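Shown next, in structure tokens, is the structure this report addresses.
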Amino acid sequence: MPTISNLKKGYVAGIENPYTSFTLHPDKEPANSASGWRSVPYVNQAGDGYGPHATTMGEIANKIPAKPALKRSCEKCRARPDQTGTGYPVCGACKVACYCSVECQKSHWKEHKGLCRIRTKRAKLEDGLKAEAIRKDKPYASQAILRQWYYDNVDIVDYTIVQTLELYKGLNDALWRTHAVVFYLRGDGRGPRYSAASEIDFSDAEAVPLATLARTDDLNIAPALLRALGLGSRAVAIVVFTLYDESDLVLVESRDLLPEREWAAMEKDVMWRMHVRMRRVTQMLSAKDASGDRDRGRWRGAG
């Protein structure tokens with residue numbers, strides 16, 4: 001495989017963004033080499049606050065630990081279900097809140113009923129919006145699809161929360177009490193309706209002060225909703241999906257703080273955006289290696 005050296009960041013007069021230069025050393029392996037996609041080099045160009053970085057497709061694919069789809073904790077006692085199992089039963093009305101027992105569900109109803117009614121009302125509204133979009137042959141998405149994306153991609157959700165809220169500094173010095181993580185999603189271009197979570201991709205994320213979220217010129221999220229989701233005891237995640245030129249679709253979720261053994265093992269990753277954005281592609285390429293399909297000339301990109 002080719003190798004990279006002499007990575008440098010430079011500037012051109014009159015242009016704000018830096019450029020990246022490097023030396024590419026040609027592949028010295030024979031044409032019938034068994035090397036696959038995982039060893040292909042990748043250069044992330046310099047940006048604001050960080051220099052250029054050379055890595056490989058395999059290193060990117062392995063950077064973020066894989067996790068099964070999220071199974072929600074009990075809303076009352078915060079018990080965590082087996083993440084490889086089926087999870088706890090959901091509230092029959094909102095189909096979101098989970099409970100480990102009937103006792104927990106009954107004792108939590110007074111706290112849950114306000115949020116339950118909001119979610120149930122939104123679900124009924126979205127049924128009508130979906131029917132209208134199909135009738136007019138227009139694109140649509142729903143909070144249910146955004147929530148499924150959040151569950152299915154909990155590995156990159158958790159990694160992003162750790163990086164943006166700086167949990168690697170420890171709970172006392174991190175931003176989780178004063179900031180929320182806002183995820184910006186986009187359609188992957190494969191479907192006009194975005195009726196499945198697999199048709200949505202991560203675009204970017206940032207930590208936003210909680211005080212900013214309630215502003216009408218921002219996301220206009222009611223403080224009461226944040227409190228209902230456990231503000232002060234859990235990290236708040238906000239998923240924003242822009243549907244073509246339509247208004248943004250917003251989902252507000254909360255995430256139990258990761259066990260200390262998990263986030264304490266993580267370090268600051270200045271390239272975390274690249275690792276998140278490139279993850280799907282590099283994992284697809286790694287799968288091609290595993291299947292024996294290593295014809296790089298036939299690959300046309302993904303994601």
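Numbering starts at 1 and runs along the sequence shown. Please read all numbers here as calculations on a predicted model, not as lab measurements.
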Open item on the list: Let me check something: do Trp176 and Val208 share a hydrophobic cluster, defined by ILVMFWY side-chain heavy atoms less than 4.5 Å apart, either directly or through other members?
Closed with: no
Open item on the list: Would the distance check show the side chain of Glu59 and the main-chain N or O of Met57 forming a donor-acceptor pair, the cut-off being under 3.5 Å?
Closed with: no
Task: Minimum-distance pair of heavy atoms, taken over all atoms of Thr56 and Ser39 - done: CG2-O, 4.1 Å
Task: Electrostatic pair Lys76:Glu111 at N-O distance under 4.0 angstrom - done: yes
TODO: Flag yes if Val276 and Met266 sit in one hydrophobic cluster, no otherwise; membership is Ile, Leu, Val, Met, Phe, Trp, Tyr, and two members link when side-chain heavy atoms are under 4.5 Å apart.
DONE: yes
Open item on the list: Show, in sequence, the C-alpha distance, side-chain angles and deciding distance for Phe183 and Trp149, and conclude whether the side chain to side chain contact (heavy atoms under 4.5 Å, CB included) test is met.
Closed with: CA-CA 11 Å; Phe183 290 81; Trp149 179 92; 4.3 Å; yes
Open item on the list: To the closest 0.5 Å, what do you measure between OG1 (Thr164) and CD (Glu206)?
Closed with: 9.5 Å
- [ ] Look at the aromatic rings of His108 and His112 and report parallel, tilted or perpendicular, splitting at 30° and 60°.
- [x] parallel
Open item on the list: Same cluster or not: Tyr184 versus Met278, using hydrophobic residues (I, L, V, M, F, W, Y) connected whenever any side-chain heavy atoms lie under 4.5 Å apart?
Closed with: no
Task: Lys110 (side chain) donor-acceptor with Ser107 (main chain) under 3.5 angstrom - done: no
Task: Heavy-atom check, side chain of Thr55 versus side chain of Met271, under 4.5 Å - done: no
Open item on the list: Assess whether a salt bridge exists between Glu126 and Arg122, defined as any Lys/Arg side-chain N lying under 4.0 Å from an Asp/Glu carboxylate O.
Closed with: yes
TODO: Could you point out which residue of Arg280, Lys67, Arg279 forms a salt bridge (Lys or Arg N to Asp or Glu O under 4.0 Å) with Asp155?
DONE: Arg279
- [ ] Output yes when Lys71 and Asp82 qualify as a salt bridge under the 4.0 Å nitrogen-oxygen rule, no when they do not.
- [x] no
Task: Closest heavy-atom pair and its distance - Ala205, Val181 - done: CB-CG1, 4.4 Å
TODO: Could you state whether Ile118 and Leu251 fall into the same hydrophobic cluster, counting links through intermediate Ile, Leu, Val, Met, Phe, Trp or Tyr residues with side-chain heavy atoms under 4.5 angstrom apart?
DONE: no
TODO: For Arg277 and Ser203, indicate whether the former's side chain and the latter's backbone hold a donor-acceptor pair under 3.5 Å.
DONE: yes
TODO: Look only at the side chain of Gln143 and the backbone of Val250, and say whether a donor-acceptor pair between them is shorter than 3.5 Å.
DONE: yes
Open item on the list: Can you confirm whether Val157 sits close enough to Leu70 that some side-chain heavy atom of one is under 4.5 Å from a side-chain heavy atom of the other?
Closed with: no
TODO: With rounding to the nearest 0.5 Å, note down the distance linking CD1 in Ile134 to CG in Leu129.
DONE: 11.5 Å
Open item on the list: Against Leu185, only a single residue in Leu249, Asp201, Leu146 fulfils side-chain contact (heavy atoms from CB on, under 4.5 Å); can you say which?
Closed with: Leu146
Task: Partners passing side chain to side chain donor-acceptor pair (under 3.5 Å) against Tyr151 (at least two apart in sequence or in another chain) - done: Arg72
Open item on the list: Suppose we screen for salt bridge (charged side-chain N to carboxylate O under 4.0 Å, His left out). Which residues come up paired with Arg78, at least two apart in sequence or across chains?
Closed with: Glu75, Asp256
Open item on the list: Can you tell me how far apart CD1 (Ile145) and CZ (Phe241) are? Round to the nearest 0.5 Å.
Closed with: 10.0 Å
Task: Glu166 side, atom CD; Ile161 side, atom CD1 - distance, nearest 0.5 Å - done: 14.0 Å
Open item on the list: Ile60 vs Tyr42, test: side chain to side chain contact (heavy atoms under 4.5 Å, CB included). Steps then yes/no.
Closed with: CA-CA 9 Å; Ile60 296 173; Tyr42 179 86; 3.8 Å; yes
Task: Side-chain touch Lys95/Arg147, heavy atoms, less than 4.5 angstrom - done: no
Task: Check: Gln163 side chain, Asp269 main-chain N or O, donor-acceptor pair, under 3.5 Å - done: yes
Task: Test side chain to side chain contact (heavy atoms under 4.5 Å, CB included) applied to Lys121 and Arg117, step by step - done: CA-CA 6 Å; Lys121 182 179 180 180; Arg117 289 167 181 166; over 6 Å; no
Open item on the list: Give me the atom names and distance for the closest heavy-atom approach of Asp152 to Ala197.
Closed with: OD2-CB, 4.0 Å
TODO: Mark yes or no for whether Arg177, through its side chain, and Leu171, through its backbone, hold a donor-acceptor pair below 3.5 Å.
DONE: yes
Task: Closest contact, heavy atoms only, Arg234 versus Ser254 - done: NH1-OG, 3.4 Å
TODO: Determine, step by step, whether Asp158 and Val162 satisfy the side chain to side chain contact (heavy atoms under 4.5 Å, CB included) criterion, reporting the C-alpha distance in whole Å, the side-chain angles of both residues, the deciding distance to 0.1 Å, and the verdict.
DONE: CA-CA 6 Å; Asp158 282 350; Val162 168; 5.6 Å; no
Open item on the list: To the closest 0.5 Å, what do you measure between CZ (Arg119) and CG (Leu225)?
Closed with: 8.0 Å
TODO: Compare every heavy atom of Tyr88 with every heavy atom of Tyr99, then report the nearest pair and how far apart it is.
DONE: O-CB, 3.3 Å
Open item on the list: For a quick test of reading the model, state the closest non-hydrogen atom pair linking Cys77 to Cys100 and the distance between them.
Closed with: SG-SG, 3.6 Å
Task: Nearest-0.5 Å distance that lies between atom OG in Ser198 and atom CG in Asn153 - done: 10.0 Å
Open item on the list: Please determine whether residues Leu219 and Leu226 belong to a single hydrophobic cluster, defined as Ile, Leu, Val, Met, Phe, Trp and Tyr linked transitively by side-chain heavy-atom distances below 4.5 Å.
Closed with: yes
